[in-house]
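In what follows, a single structure is set out as structure tokens and then discussed.
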Amino acid sequence: MTHNIALIGAPVDLGAGQRGCLLGPEAMRLSHIEERLTSLGHNVSDMGNISAQEVDGFNLPGNALNSDNIVGWTRALHQKSYHVMQDGYFPIFMGGDHALAMGTVSGVSQYAKDQGRPLCVLWLDAHADFNTPQTSVSGNMHGMPVSFFCGEEGFDNILPEHDAWVEPDNMFMFGIRSVDDAERKLVASRGVQVFDMRAIDEHGTATIIRSILDKVKDRNAMLHVSLDVDFLDPSIAPGVGTRVPGGANFREAHLIMEMLCESGLATSMDLAELNPYLDNQGQSARMLTDLTASLFGERILDTVTPLNLRTNH
């Protein structure tokens, strides 16, 4: 299937505790993401970087650092994601810290509602990012996007007209291995579907991803894929400010993307938390480009591995 892909830079930098993610979009371009996707037969438009809207004096109650800046980004990305979906593109938002998802997911969810469909989100991340200004210890807003677009309290007037929240039961977290105590209780009480690294070790990547994709299909949902660099093990993707050991390895990550490609269900994507300042000569950017290419059809072999692997002697 040929896609019309829009590459959109979202250099959000003040949601994280360590600066540097604003360089992420350019690192992705230097890793030749546009050329790789074009070589796979897709129509690719690089729409450049967007800018945050000007917001002065907006302070969320509680512990939320740089909230006026993040609100400006949320509003800009909300509008951009909504309109680019209207124009028939598959948007790839190149970040930028993960606070960008406050705008990207909310815009896509509004578009999905207009189409009479729910939105499911596959959250590939070491962290649940379900804190609120009332529960966050650090105050860093890259730890709050999921609670925002799932409609939790504490984010009043960020998007006053928005009315298309993601249902927690349509939120699939995969690869989680670092969750705050208050955040853990909130996630459990809301019914978010969480598959941590133990679940992956016990049941396997393919089994879990297949079950998620079956649910997305049964619900006739659109699917937003939000990929954080720290989903991956730091040994293969060191360019992130929140490294957590024990993440997905090379083959697990590519298997997910290949299964998403085969399903044809994905409709939009984030590439978040890439911090080139912390990377090893572009290693993480190239890894994200490789994974994105897998999502859009790049394969090592053109045949599916047969189920019967026995040989006769």
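Below, all heavy atoms of this structure are taken into account, side chains as well, without hydrogens, waters or symmetry copies.
In terms of heavy atoms, Ala272 sits closest to Leu100 at CB-CD2, 4.2 Å.
Below 30°, between 30° and 60°, or above 60°: for His42 and His3 the angle between ring planes is between 30° and 60°, a tilted geometry.
Of the listed residues (Leu122, Thr267, Val108), just one forms a side-chain contact (heavy atoms from CB on, under 4.5 Å) with His224, and that residue is Val108.
At a cut-off of 3.5 Å, with distance as the only test, a side-chain donor of Asp230 or His127 sits close to an acceptor on the other residue. Between the side chains of Asp270 and Ser226, at least one donor N or O lies within less than 3.5 Å of an accepting N or O.
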> Given His98 and Trp123, is the ring pair (Phe, Tyr, Trp, His ring centres under 6.0 Å) satisfied, shown in steps?
Replying inline: CA-CA 11 Å; His98 222 160; Trp123 195 257; 4.0 Å; yes

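Between the side chain of Gln283 and the backbone N or O of Ile236, at least one donor-acceptor pair lies under 3.5 Å.
Listed by first and then second residue, the ring pair (Phe, Tyr, Trp, His ring centres under 6.0 Å) pairs that reach into residues 160-187 are His78-His162, Phe148-Trp165, His162-Trp165, sequence neighbours excluded.
For Asp214, the side-chain contact (heavy atoms from CB on, under 4.5 Å) test picks out Arg210, with sequence neighbours left out.
Linking ILVMFWY residues whenever their side-chain heavy atoms come closer than 4.5 Å, directly or via other members, places Val146 and Leu60 in the same cluster. Linking ILVMFWY side-chain heavy atoms closer than 4.5 Å, directly or via other members, places Val225 and Ile8 in two distinct hydrophobic clusters. Follow the hydrophobic side-chain contacts under 4.5 Å out from Leu7 and you reach Leu291 in the same cluster.
Salt bridge annotation for Asp46-Arg29: present, with a cationic side-chain nitrogen under 4.0 angstrom from a carboxylate oxygen.
Rounding to the nearest 0.5 angstrom, the gap separating the CG atom in Leu274 from the OG atom in Ser284 is 6.5 Å.
Under the 4.5 angstrom side-chain criterion for Ile, Leu, Val, Met, Phe, Trp and Tyr, Leu30 has no cluster partners at all.
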